[in-house]
Amino acid sequence: MCGIVGIVGTSPVGQALYDGLTVLQHRGQDAAGIVTIEDNKFRLRKANGLVKDVFHTRHMLRLQGNIGIGHVRYPTAGTSSSSEAQPFYANSPFGISLAHNGNLTNAEELGQWLFKKARRHVNTTSDSELLLNILAYELQEIDSLSLTPDNIFDAITKVHQRVRGAYATVALVIGHGLIAFRDPNGIRPMVFGKRETASGVEYMVASESVALDACDFEFVRDVAPGEAIYFSEDGQLYSRQCSDNPHYSPCIFEYVYFARPDSTIDKISVYASRVEMGKKLGAKIAKEWEDLDIDVVIPIPETSCDIALQIAKHLDLPYRQGFVKNRYIGRTFIMPGQAERKKSVRRKLNAINTEFYGKNVLLVDDSIVRGTTSEQIIDMARSAGAKKVYFASAAPEIRFPNVYGIDMPSANELIAHGRELDDICDLIGADKLIYQTIDDLVAAVGEGNHDIKAFETSVFDGNYITNDIDQHYLEKLDASRSDNIKDKSDANADSNIDLHNDDAE
């Protein structure tokens with residue numbers, strides 16, 4: 001999962017891009033990058049690290065120009081070396097820079113096609129660089145020294161026909177403007193907004209509406225599945241549906257975990273969806289656990305706080321903040337490498353003993369992925385004096401890997417893969433375990449937008465909506481995502497020659 005922003009302004013946009021990335025930091029903590037255009041030249045800064053650590057005053061002073069894009073990276077199957085940081089750029093045609101959130105499911109096929117047919121070199125393992133070169137190829141096929149909006153939309157149509165998977169994309173074309181487009185299933189989110197200035201209208205696109213809020217842009221709407229929007233350098237907006245058969249199937253895990261609660265995605269309030277999750281899970285607990293003696297409901301901060309509060313209300317039980325979160329430790333789920341995640345749990349959370357001592361506690365979390373974090377937190381609750389520890393997950397059992405941009409681990413590393421409820425409960429050390437049903441989760445999120453008939457729920461049910469995922473693909477993905485393999489890859493990455501200049505002038 002990554003975060004993207006793009007702005008076409010009437011004055012320098014560097015600071016606004018920085019501000020937008022800062023509020024999207026939760027979507028990726030591995031690397032950050034910004035590219036702007038000034039005097040028909042790219043101004044680029046990208047590196048590993050948090051936004052505040054990547055961009056210093058000297059970098060921001062160089063990021064001049066009234067148009068630009070930015071990216072925060074969360075690594076999936078690739079390495080976390082700086083060569084994978086975005087945005088990427090290609091010199092031909094015109095000069096193009098691109099950043100993307102998602103994952104291409106036919107990346108291997110695309111790589112071979114680029115080498116054999118398009119004669120274009122890809123320097124990293126990132127599928128974002130593949131997407132950049134495919135877009136560059138389609139634009140280069142246009143026999144003109146200038147591009148019209150129709151030219152651009154025709155190129156995006158061909159990209160959709162060639163590429164499969166999930167992708168929310170922003171791209172700059174020197175001398176023309178900013179392009180934003182979303183995959184035909186609308187798996188990854190993208191919104192755009194505008195603001196009026198004395199010099200004219202400015203436009204912004206972003207992964208979540210909260211980035212528009214932070215930069216004082218008025219939300220206009222979500223980018224539709226398969227749609228492309230072109231913002232010219234002089235502030236004109238053009239849009240076209242570029243897919244023959246678009247479907248609305250947004251990733252439901254955005255609402256469970258990834259997105260900020262103050263965001264609205266595809267007309268659905270993330271906060272409201274989590275409130276509904278809590279109501280439905282509370283009703284299930286009341287029905288199935290009416291014999292349990294629960295003294296207190298405690299969330300595992302922060303995503304599950306709104307969910308736990310609703311559960312406590314439904315069960316008429318006290319709601320307490322039993323864990324204090326160290327806000328200077330990142331989100332453990334999106335840290336590269338299992339060893340780093342495991343070390344971070346106890347640095348991230350500390351128990352308030354008085355809220356646990358002598359009590360039967362119900363811990364509430366948004367989901368259970370590997371189970372190692374849940375196990376450590378349950379152990380912390382017992383060490384703090386809890387008599388019994390019950391555990392509730394606002395998401396169903398995660399049994400299948402994600403192929404659309406979320407680094408769900410190897411299937412064998414998912415605690416629910418091939419296991420029943422009692423087995424999972426024993427492994428994490430809970431006295432009792434309950435999961436939200438997939439029907440209740442879909443109903444909770446869908447309550448905010450009844451026009452969405454289906455969500456992308458493959459991690460729960462194994463149904464991949466792009467219809468191109470088979471066992472062979474999953475086995476290759478499994479090999480690339482094994483934590484042991486990724487840790488070795490990350491260790492080796494630092495010794496590789498990096499041909500990319502992070503401070504391109």
Side-chain angles (χ1 to χ4, degrees), residues 255-257 261 270-327 329 331-333 344-369 371-397 415-416 421-422 424-437 440-441 444:
Y255 304 93
V256 172
Y257 178 83
V270 176
Y271 170 78
S273 69
R274 290 175 184 165
V275 168
E276 288 298 318
M277 291 177 210
K279 290 179 180 179
K280 292 186 180 301
L281 186 53
K284 183 180 180 184
I285 292 170
K287 179 180 179 181
E288 298 185 9
W289 283 5
E290 58 182 351
D291 59 325
L292 291 188
D293 183 18
I294 302 171
D295 296 316
V296 63
V297 178
I298 295 177
I300 298 169
E302 290 182 321
T303 316
S304 62
C305 291
D306 301 323
I307 299 165
L309 180 59
Q310 295 304 314
I311 292 173
K313 285 183 176 180
H314 193 93
L315 300 178
D316 195 23
L317 289 171
Y319 167 88
R320 294 288 186 270
Q321 293 284 346
F323 294 103
V324 175
K325 180 181 177 182
N326 180 353
R327 299 182 185 279
I329 297 292
R331 303 178 88 181
T332 54
F333 179 85
S344 293
V345 174
R346 286 188 178 272
R347 296 201 303 257
K348 180 180 178 180
L349 295 177
N350 190 46
I352 302 174
N353 289 4
T354 54
E355 297 299 336
F356 292 91
Y357 189 78
K359 299 176 183 177
N360 298 332
V361 301
L362 171 61
L363 299 182
V364 180
D365 207 352
D366 51 73
S367 58
I368 305 172
V369 183
T372 51
T373 297
S374 304
E375 179 184 7
Q376 291 180 67
I377 290 173
I378 290 170
D379 183 61
M380 290 171 64
R382 295 196 191 279
S383 297
K387 289 195 300 184
K388 290 187 177 180
V389 182
Y390 309 120
F391 204 96
S393 169
E397 296 93 323
I415 194 169
L421 183 67
D422 289 344
I424 302 168
C425 185
D426 289 342
L427 284 170
I428 66 174
D431 291 292
K432 201 80 171 177
L433 172 64
I434 195 166
Y435 282 96
Q436 183 97 267
T437 67
D440 280 351
L441 176 61

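Everything quoted here is computed from the prediction, not taken from an experiment.
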For Lys359 and Val296 the tightest heavy-atom approach is CD-CG1, 4.2 Å
The complete set of side-chain hydrogen bond (donor to acceptor under 3.5 Å, both in side chains) pairs with one or both residues in residues 381-396, sequence neighbours excluded, reads Arg382-Asp431
Margin query: Could you check whether any side-chain N or O of Ser367 sits under 3.5 Å from a backbone N or O of Ala395, counting only pairs where one atom can act as donor and the other as acceptor?
Written below: no
Here the gap from Ile294 atom CD1 to Leu315 atom CG, rounded to the nearest 0.5 Å, amounts to 6.0 Å
For residues 286-310, the salt bridge (Lys or Arg N to Asp or Glu O under 4.0 Å) pairs (sequence neighbours left out) are Glu302-Lys325, Glu302-Arg327
Across all chains, not counting sequence neighbours, the side-chain contact (heavy atoms from CB on, under 4.5 Å) partners of Ala283 are His314
Value for CG (Asp440) from CE (Met277), rounded to nearest 0.5 Å, stands at 11.5 Å
Heavy atoms of Ala394 and Leu441 approach each other most closely as O-CD1, 4.1 Å
- prompt: Hey, does Leu349 have a side-chain heavy atom less than 4.5 Å from the side chain of Pro301?
  reply: yes
Side chain to side chain contact (heavy atoms under 4.5 Å, CB included) with Phe391: of Ile424, Ile434, Ile378, only one passes, and it is Ile378
Between the NZ atom in Lys348 and the CD atom in Gln376, the distance rounded to the nearest 0.5 Å is 11.5 Å
Distance col, row Thr303:OG1 vs Asp365:CG, nearest 0.5 angstrom, shows 7.5 Å
Q. Is a donor on one side and an acceptor on the other found under 3.5 Å between the side chain of Arg274 and the backbone of Ser304?
A. no
Distance col, row Glu397:CD vs Thr437:OG1, nearest 0.5 angstrom, shows 9.5 Å
Any Ile300 side-chain heavy atom under 4.5 Å of Thr373 side chain: no
Result for side chain to side chain contact (heavy atoms under 4.5 Å, CB included) between Val364 and one of Ile311, Leu309, Ile298, Ile285 points to Ile311
Tightest non-hydrogen contact, residues Ile368 and Ile415, listed as CG2-CG2, 3.8 Å
Contacts of Gln321 meeting side chain to side chain donor-acceptor pair (under 3.5 Å) (sequence neighbours excluded), chain-then-number -> Tyr319
Phe356 meets the ring-ring contact (aromatic ring centres under 6.0 Å, His included) criterion, sequence neighbours left out, with Phe323
Side chain to side chain donor-acceptor pair (under 3.5 Å) filter on Asn350, not counting sequence neighbours, yields none
dist Asp366:CG -> Cys305:SG (nearest 0.5 Å) comes out at 10.0 Å
All heavy atoms of Gln436 vs all of Lys284, minimum pair found to be C-NZ, 4.4 Å
